[in-house]
Amino acid sequence: MKQENKDALKMNRRKFIKRTTLAAAAVTLLPKKVPAQTTKAGTPSTGSGVHHVLSKQPGTPDHALYTERQSDMLGLGPDGKPVPGYKATGAGVTPAKAANDPSKPPHQMKLTQEEQDILDGKKGKAPAKVMRTVVDHGNLFGATKLVDLGGAPHTSFFTGTPAMAPLIKAFTECANEGLKAYSAYTINPRPFDLYNVQTEPDEQNMIFEGYPLQTELDHLHVRLGGRNLDTRSCMCYVPEVGNAPKKGTFVAWAESSAVNAGNSILGIRTNRNSCGMDLMCALLGKAPYFGLMTDEGRKAKWLIEVKTKGEPDWGVLGGAIGEKCVEDVPYIVGIDKYFDGKITPENVHKMKAMGAATASNGAVGLYHVENLTPDALDHGRDLLAKGYQTYVIDDAEIDQVRSTYPNLWPKNVKKPNRAYIGCPHNTYHEMVTWGTRIRDELKKRGLKKVAIPTHMFQATLVRNHMFYEHPVLTRDLHKAGVTFTNTCVVCFSGLKGYSKTEFGVTNSNKTRKYSNSIYLTDDKMIEAIMTGELPA
Ligand code: F3S
């Protein structure tokens, strides 16, 4: 297949996903007449059939349609159409049968009197609409009740594209009625950074056209209780940002990597919500109780036996698990020996790389690792569901899975022109490790500068930590052409037009999945950064 056709197919899928992820949030709040929650069996949905609401708005440039991707593996083929027979919802749970069967009364969760009063409009119009949306969403999945949320929210409503206009309007209505999140909340990275990610004027033009509502969205988050811009990150749970609720806390997050890490590493309880649903639950302080929030929903349908000879490539390992399990929960054995007995700030990046790959190459919202993750420490192999399946991953399997990753660059392009480090965002430890390695390699090779612009992605607070503790290293890296940015890799490298000008290499299997970037091992990343060549 010709490269441009492949690109077009990939972009169609993105467009469809963008619309689908927002569908649930749009059901009630949007100021349009839309059908009540319905979902066809086998179609990927966490909500309603309102995709048209988010279709191209007047004046929207093409490249602005393809930048929004927060939800993963929604059962769409490369043509953007549902894969026949695909049952996964991306939420880790099947919609309740009654919701799809017109001959039966729709499922209805039990509400308290206070919740019913909100639904009946006794606390205002906007709270009633929010409650209606959240309750309908929960009913679709057979939720039995609403539960009170704790900790703090995190939202993936972070890009001010034209397609977001209806959702921005809906939440502005909430802000105008004085609604605020139950606790100050964190937000995914801003989608562009014109200071630290160098671009040509044509590209800057595309960015401004692609994200014309960014300032309005940023202001909206201030009104709804969002935290400062220096906390913007998908890695909300790092110590510098500090949104790491205690084990067992119910939250309603959407960012797939944060959901995945929160459920698995922190032991919190959240479903894989859609963008917008996370914020609605935050405004209510409640979420429907189903799926990954329940003991039953946290049982593992897969036993993953990792039998590599040495430490596995964490990104490919996660990719393999995601492709196999899709949205089922895996129980992983054989990797605890690479963590010295516990998850620490120095080794959590391995979990992050593996987990984010399970969540993007598949739709895994929770995994257990024997002897390491909180649920596994409490229950061990009792977490395995009756009739679980087994998947053995050895070196040959890792190689086989890696060999399926396509090169999406045009055929005449042989060299990278960017290097991306950190998706999800870097931890402080990763920044120091990568920074030291790059500086030492430059010195060893007698080089003053990296061969291609190299961007390290992390929250501003994490970058500041690095500045304070390693000022000389930071200065040397910056002078050598390494920049530090708090933006999102994929919002940059995934812009439609950028696939024609940007040919990145990445250490993230998530970035690989969502852009034309080529995934490399750490050693090969260093080689590419030093030489500007694509290692064999
Ligand atoms: Fe974070 Fe953007 Fe990657 S939100 S996980 S840097 S796609």
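FYI, side chains are in, hydrogens and waters are out, and symmetry mates aren't considered; it's all heavy atoms of this structure. Each ligand, and each atom within it, is numbered from 1 in the order the structure gives.
Distances below 4.0 Å separate heavy atoms of V489 from the following atoms of ligand 1: 6 (S). Atoms of ligand 1 found under 4.0 Å from any heavy atom of P424, numbered from 1 in the order shown, are 5 (S). When each atom of ligand 1 is checked for a heavy atom of C234 under 4.0 Å away, the hits are 1 (Fe), 4 (S), 5 (S), 6 (S). Residue contact check: V490 has heavy atoms under 4.0 Å from atoms 7 (S) of ligand 1. Of all the atoms in ligand 1, the ones that sit under 4.0 Å from a non-hydrogen atom of P189 are 4 (S).
Salt bridge absent: R402 and E323 never bring a charged side-chain N and a carboxylate O closer than 4.0 Å.
In this structure, H425 and F457 have parallel ring planes: the angle between them is below the 30° cut-off, well short of the 60° mark. Taking the six-membered ring for Trp and thresholds of 30 and 60 degrees, Y391 and W302 have ring planes more than 60 degrees apart, a perpendicular arrangement.
If you look at K510 next to ligand 1, the close heavy atoms, those under 4.0 Å, all belong to the side chain.
A search for side chain to side chain contact (heavy atoms under 4.5 Å, CB included) contacts involving P453 returns R418, H455, not counting sequence neighbours. Scanning for salt bridge (charged side-chain N to carboxylate O under 4.0 Å, His left out) contacts around E311 gives K350, with sequence neighbours left out.
Not a single heavy atom of A356 sits closer than 4.0 Å to an atom of ligand 1.
Coordination check, C488 versus atom 3 (Fe) of ligand 1: failed, since every N/O/S atom of the residue sits at 2.8 Å or beyond.
A donor-acceptor pair is defined here as one N or O able to donate and one able to accept, closer than 3.5 Å; no such pair exists between the side chain of S257 and the backbone of P424.
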